[in-house]
Amino acid sequence: MHHMALTNLSNLPHRQAYNLAWPMIVSNLSIPLLGLVDTAMLGHLDNPQFLGAVAVGTNILAFVYWVFSFLRMGTTSIIGRALGAGNTQLISDQATNYGLFAMTIGLLLVLFQGVVLPLGVWLVVKDSAISEIALSYCQIRIIGAPAVMLTYVIVGLFIGLHNTKVPLLITVTANVTNIVLDYLFIVVLGKAAVGAAIATVVAEYLGLLIAVTLCLRHFRVLNLPKPRFEGIFAFQRWKDLIAYNRDLFIRTSALLFAFNFFTAQGAAQGADVLAANAVLMQLMLFVAFGLDGYAHAAEAMAAKALGQQNLEAFFRACWATLLSASVIAFGYTAFFIFSRNWLIALLTDIPSVTVLAKTYYLWIILIPLASVWCYLLDGIFIGAGKTGTMRNWMLIAVFGVFLPLWAVFGQDSNHGLWLSFVMFNFFRGASLAVSFLLMTKHNKWYA
């Protein structure tokens with residue numbers, strides 16, 4: 001604890017944290033915004049099946065893609081620490097390694113979609129009409145996998161280099177394109193779910209094109225050395241990469257299992273509860289993406305400080321991001337308290353779904369305060385490369401907190417399901433906070 005006590009809390013690097021966080025917040029918010037626009041366009045069609053099917057399809061792909069979001073996190077952490085240590089050759093080499101790794105994963109996903117997608121749809125949805133639409137949606141969307149994977153790496157690279165304006169540009173351009181094409185395909189051409197899928201894939205490849213262009217330009221501007229390609233396929237060069245990312249992979253898979261278990265249990269209570277939870281989940285993602293901006297700032301600042309072997313800077317970065325994120329979380333809760341009716345009306349005009357969404361809205365008010373800690377500490381631990389600790393606590397949170405609470409309170413109660421989910425998020429933050437204090441006390445941040 002002595003280090004934390006020594007950290008001078010006056011003039012913390014708030015400005016630096018804010019400059020890194022706001023572009024990520026805007027860029028992140030444009031993602032659920034896209035979900036909202038999709039939901040609104042499909043939610044006002046006569047047949048609720050399209051909305052359900054695209055929600056299912058989007059969830060399955062989010063699951064498949066997010067499992068590989070370690071590409072983004074791992075890149076940020078390694079590049080950030082190489083930046084702190086002033087090792088430009090390592091930046092080039094690792095960016096190349098991660099890029100090849102990402103392309104390989106993307107191509108494998110396209111090749112094995114015949115196994116992955118039907119399995120995913122079968123696990124999530126039992127209604128044959130919906131599952132057919134969902135599967136056709138996924139089969140188009142998966143074509144975008146290589147673009148998504150490689151974009152993860154390029155975004156991670158820029159965050160690690162303390163440049164969040166480029167990720168903002170990439171994401172917003174892709175999402176605006178997506179929304180315009182959505183309108184064209186769904187509303188004008190009446191292509192429903194298939195239209196939504198085509199729009200997204202086109203947008204993903206456009207995003208990649210911008211990302212690659214800016215990446216090459218930046219490498220020239222920063223005068224980074226050319227990556228070394230010899231031994232690029234040597235097992236050792238990949239072994240460390242895989243070992244380092246394995247923990248993040250397991251941690252993210254467990255987290256996504258929890259999210260999808262939540263969706264499936266809502267679905268088990270009927271189509272209306274599934275739809276109401278989907279509406280509330282959109283609001284929860286809105287919170288997650290907003291708070292994640294400061295988590296990204298924490299990642300970049302923590303990684304660079306530890307790369308410089310500067311613990312004082314590390315703790316100052318932790319305090320600055322924590323204080324700002326807490327303020328935002330309180331802001332979210334206040335906003336949700338006052339805007340219940342119009343927010344729900346914005347997302348659905350189906351009467352039965354509206355009633356249920358209002359019934360369970362209380363949990364959305366609690367979510368920001370329960371989960372701000374886990375988002376932020378995730379960022380700090382990723383930046384520090386402490387992925388093993390994250391993996392262990394996540395497994396305990398899912399199998400020791402979420403599922404047991406659900407078994408007791410949630411089996412046929414949606415309130416019980418939400419309670420388990422909120423407590424799961426709270427425990428993730430509390431457990432990492434304990435680890436943070438222990439690592440500080442025993443001076444383990446460099447180990």
Next on the checklist: Whether the side chain of Gln269 engages the backbone of Asn414 through a donor-acceptor N/O pair (distance < 3.5 Å, no angle test) should be reported.
Outcome noted: yes

Checklist entry - Is the Phe262 ring parallel, tilted or perpendicular to the Phe421 ring (thresholds 30°, 60°)? => result tilted

Item to check | Arg72 side chain to Thr76 side chain, donor-acceptor N/O pair below 3.5 angstrom | outcome: yes

Next on the checklist: Using side-chain heavy atoms (C-beta onward) and a distance below 4.5 Å, is Leu20 in contact with His162?
Outcome noted: yes

Item to check | Heavy-atom check, side chain of Leu419 versus side chain of Trp363, under 4.5 Å | outcome: yes

Between side-chain atoms of residues 189-204 and protein atoms elsewhere (two or more places apart, or another chain), which donor-acceptor pairs fall under 3.5 Å?
| residue | atom | partner | partner atom | Å |
| --- | --- | --- | --- | --- |
| Thr200 | OG1 | Asn178 | ND2 | 3.4 |
| Thr200 | OG1 | Ala196 | O | 2.9 |

Next on the checklist: With a 6.0 Å cut-off (strictly less than), is the heavy-atom count around CZ of Phe330, excluding the residue itself, greater than 12?
Outcome noted: no

Item to check | Side chains of Leu109 and Phe68 in contact at under 4.5 Å (non-hydrogen atoms) | outcome: yes

Item to check | Among Phe286, Trp373, Tyr375, the one residue meeting side-chain contact (heavy atoms from CB on, under 4.5 Å) with Leu291 | outcome: Tyr375

Item to check | Parallel, tilted or perpendicular, as decided by the 30° and 60° cut-offs, for the rings of His415 and Tyr360 | outcome: perpendicular

Item to check | Any donor-acceptor pair under 3.5 Å from Ser77 side chain to Ile382 backbone | outcome: yes

Checklist entry - Where do Trp22 and Leu168 land on the side-chain contact (heavy atoms from CB on, under 4.5 Å) test, with the steps shown first? => result CA-CA 9 Å; Trp22 79 256; Leu168 171 65; 3.8 Å; yes

Checklist entry - Would a line drawn from the ring center of Trp406 to the ring center of Phe261 be shorter than 6.0 Å? => result yes

Next on the checklist: With a 6.0 Å cut-off (strictly less than), is the heavy-atom count around CZ of Phe427, excluding the residue itself, greater than 12?
Outcome noted: yes

Could you give the side-chain donor-acceptor pairs of residues 132-147 under 3.5 Å, partners two or more places apart or in another chain?
| residue | atom | partner | partner atom | Å |
| --- | --- | --- | --- | --- |
| Ser136 | OG | Ile133 | O | 2.9 |
| Tyr137 | OH | Thr58 | OG1 | 3.4 |
| Tyr137 | OH | Arg141 | NH1 | 2.9 |

Checklist entry - So Phe70 and Phe249, would you call those rings parallel, tilted or perpendicular, with 30° and 60° as cut-offs? => result perpendicular

Next on the checklist: Is it the case that atom OH in Tyr183 sees more than 12 heavy atoms from other parts of the structure closer than 6.0 Å?
Outcome noted: no

